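Have a look at the structure below before the remarks.
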2 protein chains.
Amino acid sequence: MVQKRFFGSSAEMYLKTIAELAHEREPVPVTSVADRLGISTVSASEMIHRLEDRKFVKHRPYKGVYLTAEGRRKANGVIRRQRLWECFLTNGLGIPWEHVHDFACQLEHATDPVVTEALADYLEHPATCPHGNPIPTADGEMPALEGVPLVNLMPGEKGVILRIHPVSEELVKHLDERGISPGREIEVTEIAPFNGPQSIEVGDEIHVLGREVAAHVMVQQAADTR
Amino acid sequence: MVQKRFFGSSAEMYLKTIAELAHEREPVPVTSVADRLGISTVSASEMIHRLEDRKFVKHRPYKGVYLTAEGRRKANGVIRRQRLWECFLTNGLGIPWEHVHDFACQLEHATDPVVTEALADYLEHPATCPHGNPIPTADGEMPALEGVPLVNLMPGEKGVILRIHPVSEELVKHLDERGISPGREIEVTEIAPFNGPQSIEVGDEIHVLGREVAAHVMVQQAADTR
DNA sequence: TTATTATATTAGGTCATCCTTATAATATCA
DNA sequence: TGATATTATAAGGATGACCTAATATAATAA
């Protein structure tokens, strides 16, 4: 029987999206939420009001949305489920890591807490998903995040890729095609003028990354040894 | 992003339900479908019309519903996903087999074909789910079913439990508590008068099963050696 | 064959989630 | 400060999946 959930997968997507956007900018503009979810701002606004009624978010008109403590807990729960599924899909089922994001996104809304925790046990409580992003704890805490956005590095600076913010499958695929994945060492060789794209050395190759893309790649910056 | 499916999980539940009820009686009365799904007959009727428009079922008023070839393929796809998940939840995650039914039911509607087949590979293509029910093939064929309903056995007749029709978690739990699970040998010791319940010997114990329940237990009947 | 029961349909509603179009309010920049 | 751009809200609709109550029709059993 199709069970009635006390709130639908849509609401979960909103909370997750707000949480993901929140550590780029807080408060999160409603417009960004709408864009990311591919819906109209009117609909997003509507839903955010409903989420506010249920005390999951706080909306400051013309500023943006914040998660409440409860909302953050819920959002982290969703993210936990998604990232655990990503681990399983990649490591268990052998699905290429650049594809698992969307599959996991479907599964995350259909996963009972009992299944989530059994899955975590089974996977031996991984610290991160295949993209390198930390997996929230069972009680809804997000582990502290390290690293700086790749886009902040200046020419000559080096680092190790920590994680890729999985905004979309296209982004992940784009990076994967350029050999950029967690653990790889990179060096910024050049930045084009006028806030232009970065040239990045990965292994023996040099790739050019737009700023938008590089903003979603987090690196552990190496001590500058020039 | 929440993807738009060309039809929702509800429709999948209808098809699955019709398929499950079909080998008890064909055509399947709309009332049975409604009962099983816990919805009104009006709603069921409505949805069945929609499914008929899409050529998944054929409805004969006052008789019941049949699946079309296409509908059966779809239904078997859903059942395949569910039963594969049941295998994983039981054998992989160690969730007790009497609990996995509902969890798998949630997951089945959120599972991409790519994931389904990767899962099947991972599980090494099991023939049956933990309840003993056959898993349809990737192209939507349901393997032939053996066995007779336990309720058909007469006192003195013996057999081996092949599978339990997973109608509900309660049914499975009820049977599990009485030691009735696939592979067990049983003997009918008595049938109470007036179409009453059966007494079943399992191991050293004797349990009494209502006819409704016993109708969902399929057995491989042993040659009568009295 | 008729009365009873089972099944189907019609009409009118609810709820969540989305939409477009139009207007109002605020922010920001020149 | 005033003009422009951004953000919010209001109004009206659409859709899918459900509901109840009332009525119509077919099946079945006395």
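Chain letters run A, B, ... following the sequence lines, proteins first, then strands; residues in each count from 1. Computed from a predicted structure; not experimentally measured.
Screening residues 141-152 of chain B for side chain to side chain donor-acceptor pair (under 3.5 Å), with sequence neighbours left out, gives no hits. Listed by first and then second residue, the ring-ring contact (aromatic ring centres under 6.0 Å, His included) pairs that reach into residues 9-30 of chain B are H23(B)-H165(B), sequence neighbours excluded.
Taking atom NE2 on H49(B) and atom P on dG16(D), their separation rounds to 16 Å, with Å as the unit. Rounded to an integer number of Å, the gap from H59(B) NE2 to dA8(C) P is 4 Å. Taking atom CD1 of residue I39(A) and atom P of nucleotide dT7(D), one finds them 15 Å apart after rounding to whole Å. If you take CD1 of I48(A) and P of dT7(D), they are 12 Å apart, rounded to a whole angstrom.
Here S43(B) does not reach the OP1 or OP2 of dA17(D): none of its side-chain N or O atoms lies under 4.0 Å away. Contact check, T41(A) against dT7(D): no side-chain N or O comes under 4.0 Å of OP1 or OP2. Dashed line: the shortest gap from a side-chain N or O of S45(A) to OP1 or OP2 of dA8(D) is not under 4.0 Å.
Taking R73(B) as the reference, E70(B) meet the side-chain hydrogen bond (donor to acceptor under 3.5 Å, both in side chains) condition, with sequence neighbours excluded. For R81(B), the salt bridge (charged side-chain N to carboxylate O under 4.0 Å, His left out) test picks out E12(B), with sequence neighbours left out. For H131(A), the ring-ring contact (aromatic ring centres under 6.0 Å, His included) partners are W97(A), not counting sequence neighbours. For H207(B), the side-chain hydrogen bond (donor to acceptor under 3.5 Å, both in side chains) partners two or more places apart in sequence, or in a different chain, are E205(B).
At the heavy-atom level, T31(B) lies under 4.0 Å from the strands shown only through sugar-phosphate atoms.
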Polar atom pairs (N or O), protein with nucleotides 25-28 of chain C, under 3.5 Å:
from, atom 1, to, atom 2, distance (Å)
dA25(C), N3, Y62(A), OH, 3.2

Might you list the N or O atoms of the protein lying below 3.5 Å from N or O atoms in nucleotides 12-16 of chain C, with each pair's distance?
none

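Within the 3.5 Å criterion, the main-chain N or O of L153(A) finds a donor-acceptor partner in the side chain of Q198(A).
The side chain of V30(B) has dA8(C) as its nearest neighbour among dC19(C), dA8(C), dC19(D).
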Output a table of donor-acceptor pairs, distance under 3.5 Å, between side-chain atoms of residues 43-50 of chain A and any protein atom two or more places apart or on a different chain; print 'none' if there are none.
from, atom 1, to, atom 2, distance (Å)
S43(A), OG, S40(A), OG, 3.0
E46(A), OE1, R50(A), NH2, 3.3

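Between the side chains of Q221(A) and E157(A), a donor-acceptor pair is found at a separation under 3.5 Å.
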